[in-house]
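A quick write-up on the structure given underneath.
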Amino acid sequence: MRALGLACVLGALLLDAALGNDVGELLKQGDAAFAASTYTSAVRYYSQAIDLQSTQPLLYTKRAAAYISLRSLAQALRDLNKAVELDDAFVQGYINRGKLQRQMCNYAAAERDFKRVLELKPGQKVAEQELQRTLAARSKMEAVQAAVQTAEAAKAEAAKAAGDDEDPPNTAAADLERIKPTLESLYEDSPDCVQAQVLEAQLMFAAAEYEQVVAVTGRIVKADDRQLDALVLRGRAYFYLYDHDMAKRHFGEALKYDPDHSAARKEFNKVKDYDRKRSRAEKALEAQDWEAAEMAYIESLHVDREHRKGNEALWFGLCRARAALGRIDLAVTACSNVLILAPGHREAKLRLVRTLLDAERFDEAQVKAREFLSQHQNDGEFHELAREAERRLKMAKRKDYYKVLGVDKSAGDREIKRAYRELAKKYHPDKVSAEEREASEAQFREIAEAYEVLSDEGKRQAYDSGQDLEEMQHGGGGGGHPFFQQGGMHFTFRFG
């Protein structure tokens with residue numbers, strides 16, 4: 001576009017001769033400024049020449065070239081339109097306009113211009129080459145459009161197939177990688193194609209690359225803030241980046257230009273709905289109205305399942321509400337969903353282990369506590385929680401002495417003693433037949449063992465706190481109670 005061509009130079013000389021020194025001098029100054037890359041000055045000189053002689057198509061072509069260098073493409077296109085309007089057989093004007101149309105991916109218009117040149121000059125090489133390049137660029141555009149449609153359809157289908165508590169797979173990133181070579185080639189043919197840039201941003205959006213979407217659409221709206229599709233897409237990216245104020249600002253800007261823009265209106269209302277329901281849930285949680293909080297969090301989560309950054313907080317609030325309501329399994333599921341969305345969420349990890357402990361799922365609690373401790377070695381709370389999970393698991397696996405005696409954990413000394421006496425009489429080896437004696441002796445020893453611990457205040461306190469009585473015995477350094485010695489347990493049976 002910068003090279004004006006031999007025909008332009010000859011035309012300028014003829015124009016100079018025909019119109020006199022004023023226009024000729026302005027043309028020379030404009031050409032010199034163009035050659036020096038001072039395009040604003042070039043536009044000024046060419047404009048002055050046009051003011052003196054407004055019917056010469058070559059003047060508009062020259063100014064169009066300067067406008068293109070200044071990235072003022074709309075003004076360049078107006079000048080080229082004027083050039084071919086003044087001379088409908090102006091070959092160079094059609095070629096230049098066709099190239100600009102191709103750069104802007106207006107392929108149908110570019111095709112018409114190059115075909116017009118071939119009507120005027122059959123076999124014109126530049127027009128033939130440019131026509132083929134235009135058709136090839138159009139094919140690339142169609143391939144990119146198909147890739148976007150495929151990616152968006154696959155994402156929608158995956159979201160539909162996934163359950164409420166599942167994170168749907170996303171194949172859009174792979175689609176983006178596959179189409180990148182085509183996109184790069186398309187940009188070589190059409191570097192000023194806004195449609196291609198929007199399509200690329202749509203692919204990035206489908207791949208959840210929201211920061212990249214903001215960057216690409218930012219360049220688009222900076223060049224033309226009336227590109228409403230780009231404005232709406234940028235707003236949606238800000239929404240998923242959890243910047244709801246920026247999201248609403250972009251949707252509002254689109255609605256300012258077009259109050260009937262359905263996509264902008266829909267997205268604007270969605271953000272407001274999300275924020276309203278989230279606020280209601282948070283207030284209920286703060287007021288410890290657990291039922292209302294649970295319902296409000298569920299309603300919030302149904303606004304947009306794909307809002308990962310926002311929904312991690314909603315799932316965590318739901319976990320807390322359900323745990324407070326004693327809906328332990330549902331609370332575990334909610335906290336697990338937080339970690340699907342945000343694997344590094346510290347509070348969700350702590351809450352998950354504690355909720356598993358409350359659910360008496362001690363094996364799972366211990367596994368998770370160890371896993372999280374390996375990720376937070378310098379965090380004392382994870383060390384403490386891992387020890388607690390270990391202790392609770394041991395407690396769950398040891399004998400339940402209260403169950404052995406058939407008493408509640410709050411039973412007093414007299415109740416424990418009475419239960420022991422009744423069971424000891426029932427299972428005393430001397431009270432059963434020879435066939436039942438072996439089983440009775442085992443039961444009798446277990447009853448005595450339970451009473452030995454629960455009747456001793458110190459042992460009972462240690463047992464209730466989850467301490468390992470056998471470790472306490474061996475760790476004390478002394479002989480300890482013979483009750484704990486293998487092969488030589490000592491019991492004192494008291495019936496009176």
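The model shown is predicted, which means the values in this text are computed figures rather than measured ones.
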Do the non-hydrogen side-chain atoms of Asp224 and Val194 ever get within less than 4.5 Å of each other?
no
Are Leu135 and Gln132 packed together at the side-chain level, in the sense that at least one heavy-atom pair is separated by less than 4.5 angstrom?
yes
Taking the inter-plane angle between the rings of Phe239 and His307 on a 0 to 90° scale, is it parallel (under 30°), tilted (30 to 60°) or perpendicular (over 60°)?
tilted
Can you tell me how far the CD atom of Gln29 sits from the OH atom of Tyr45, to the nearest 0.5 Å?
4.5 Å
Measure the CG-CD1 distance between Leu356 and Ile328 for me, rounded to the nearest 0.5 Å.
9.5 Å
Closest non-hydrogen contact found for Ser54 with Leu86 is O-CD1, 3.7 Å
Tell me, with the steps shown, if Asp229 and His261 meet side-chain contact (heavy atoms from CB on, under 4.5 Å).
CA-CA 10 Å; Asp229 288 343; His261 197 289; 4.0 Å; yes
On a heavy-atom basis, which atom in Ser41 and which in Ala33 lie closest, and how many Å separate them?
CB-CB, 4.0 Å
Give a yes or no answer on whether the side chain of His345 reaches the backbone of Ala348 with a donor-acceptor pair at less than 3.5 Å.
yes
For Asp31 and Tyr46, test the side chains for any donor-to-acceptor distance below 3.5 angstrom and give the result as yes or no.
yes
Above 12 or not: heavy atoms from other molecules or residues under 6.0 Å from CD of Glu384?
no
Measure the OG-CZ distance between Ser300 and Arg276 for me, rounded to the nearest 0.5 Å.
10.0 Å
Verify whether one side chain among Asn96 and Gln92 offers a donor that lies under 3.5 Å from an acceptor in the other.
yes
What's the shortest heavy-atom distance between Ala334 and Arg322, and which atoms?
CB-NH1, 4.4 Å
Do any N or O atoms from the side chain of Ser185 and from the backbone of Pro181 form a donor-acceptor pair under 3.5 angstrom?
no
Answer whether the closest heavy-atom distance between the side chains of Arg346 and Asp379 falls below 4.5 Å.
yes
Do Trp290 and Arg320 touch side chain to side chain, with heavy atoms closer than 4.5 Å?
no
Sub-3.5 Å donor-acceptor pair from the side chain of Asp329 to the main-chain atoms of Ala359, do we have one?
no
State whether the side chain of Arg116 and the backbone N or O of Asp88 hold a donor-acceptor pair below 3.5 Å, judged by distance alone.
yes
Side-chain contact test, heavy atoms from C-beta onward, threshold under 4.5 Å: evaluate it for Leu199 versus Met141 and give yes or no.
yes
Asn337 and Phe316: CA distance, side-chain angles, deciding distance, side-chain contact (heavy atoms from CB on, under 4.5 Å) verdict:
CA-CA 8 Å; Asn337 285 341; Phe316 186 58; over 6 Å; no
Going by atom types alone, do Thr55 and Gln53 pair a side-chain donor with an acceptor below 3.5 Å?
yes
Using the rule given for ring pair (Phe, Tyr, Trp, His ring centres under 6.0 Å), can you reason through Tyr39 versus Phe34, listing the C-alpha separation, both sets of side-chain angles and the distance that settles it, and then say yes or no?
CA-CA 5 Å; Tyr39 303 116; Phe34 190 96; 5.4 Å; yes
Just say parallel, tilted or perpendicular for the rings of His244 and Tyr274, cut-offs at 30° and 60°.
perpendicular
Carboxylate-amine/guanidinium proximity below 4.0 Å for Arg387 and Glu390
no
Arg97 versus Asn81, side-chain donor and acceptor atoms under 3.5 Å
yes
If you compare all heavy atoms of Leu357 against all heavy atoms of Arg392, which two are closest, and at what distance to 0.1 Å?
O-NH2, 3.3 Å
Between Lys283 and Arg280, is the side-chain contact (heavy atoms from CB on, under 4.5 Å) condition met? List the steps.
CA-CA 5 Å; Lys283 287 178 181 177; Arg280 186 185 306 152; 6.0 Å; no
State whether the side chain of Ser374 and the backbone N or O of Glu371 hold a donor-acceptor pair below 3.5 Å, judged by distance alone.
yes
Shortest non-hydrogen pair, Asn311 vs Arg305, comes out as ND2-O, 3.3 Å
I'd like to know if the side chain of Arg63 reaches the main chain of Ser47, judged simply by a donor and an acceptor atom lying under 3.5 Å from each other, with no hydrogens or angles considered.
no
Using 30° and 60° as the class boundaries, would you call the ring planes of Tyr238 and His250 parallel, tilted or perpendicular?
tilted
Examine distances only and state if a side-chain atom of Gln56 and a backbone atom of Leu59 form a donor-acceptor pair shorter than 3.5 Å.
no
Pairwise distance CD(Gln129) to NZ(Lys125) - rounded to 0.5 angstrom:
8.0 Å
Any sub-3.5 Å donor-acceptor pair from Thr150's side-chain atoms to Ala146's backbone N or O?
yes
Would you say the side-chain atoms of Asn106 pair up with the backbone N or O of Ala109, donor to acceptor, closer than 3.5 Å?
no
Crowding at CD, Glu286 (>12 non-hydrogen neighbours, <6.0 Å)
no
Restricting to pairs with a member in residues 184-208, which pass ring-ring contact (aromatic ring centres under 6.0 Å, His included), not counting sequence neighbours?
Phe205-Tyr210, Phe205-Tyr240
Side-chain touch Tyr67/Leu73, heavy atoms, less than 4.5 angstrom
no
Is the shortest distance from a Lys or Arg side-chain nitrogen in Lys270 or Asp273 to a carboxylate oxygen in the other one below 4.0 Å?
no
Working for side-chain contact (heavy atoms from CB on, under 4.5 Å), residues Phe372 and Leu352
CA-CA 10 Å; Phe372 298 152; Leu352 176 58; 4.1 Å; yes
Donor-acceptor contact present, side-chain His383 to main-chain Leu373, <3.5 Å
no
Measure the spacing between NZ of Lys82 and OH of Tyr60 and express it to the nearest 0.5 Å.
5.0 Å
Residues, nucleotides or ligands: over 12 heavy atoms within 6.0 Å of Arg249 CZ:
no
SB check Arg354 Asp358 (cutoff 4.0 Å):
no
In Å and rounded to the nearest 0.5 Å, what is the CD to CD distance from Glu200 to Glu209?
9.5 Å
Tell me whether Glu364 is salt-bridged to Lys368, with the criterion being a basic N under 4.0 Å from an acidic carboxylate O.
no
Would you say the side chain of Val332 lies within less than 4.5 Å of the side chain of Ser336, judging by non-hydrogen atoms?
yes
Using 4.0 Å as the upper bound for N to carboxylate O, is an ion pair formed by Glu184 and Lys140?
no
Identify whether the distance between the nearest side-chain nitrogen and carboxylate oxygen of Glu152 and Lys155 falls below 4.0 Å.
no
For a 4.5 angstrom cut-off between non-hydrogen side-chain atoms, does Gln145 reach Gln195?
yes
Restricting to non-hydrogen atoms, name the atom on Ala321 and the atom on Ala293 that form the minimum distance, rounded to 0.1 Å.
CB-CB, 4.1 Å
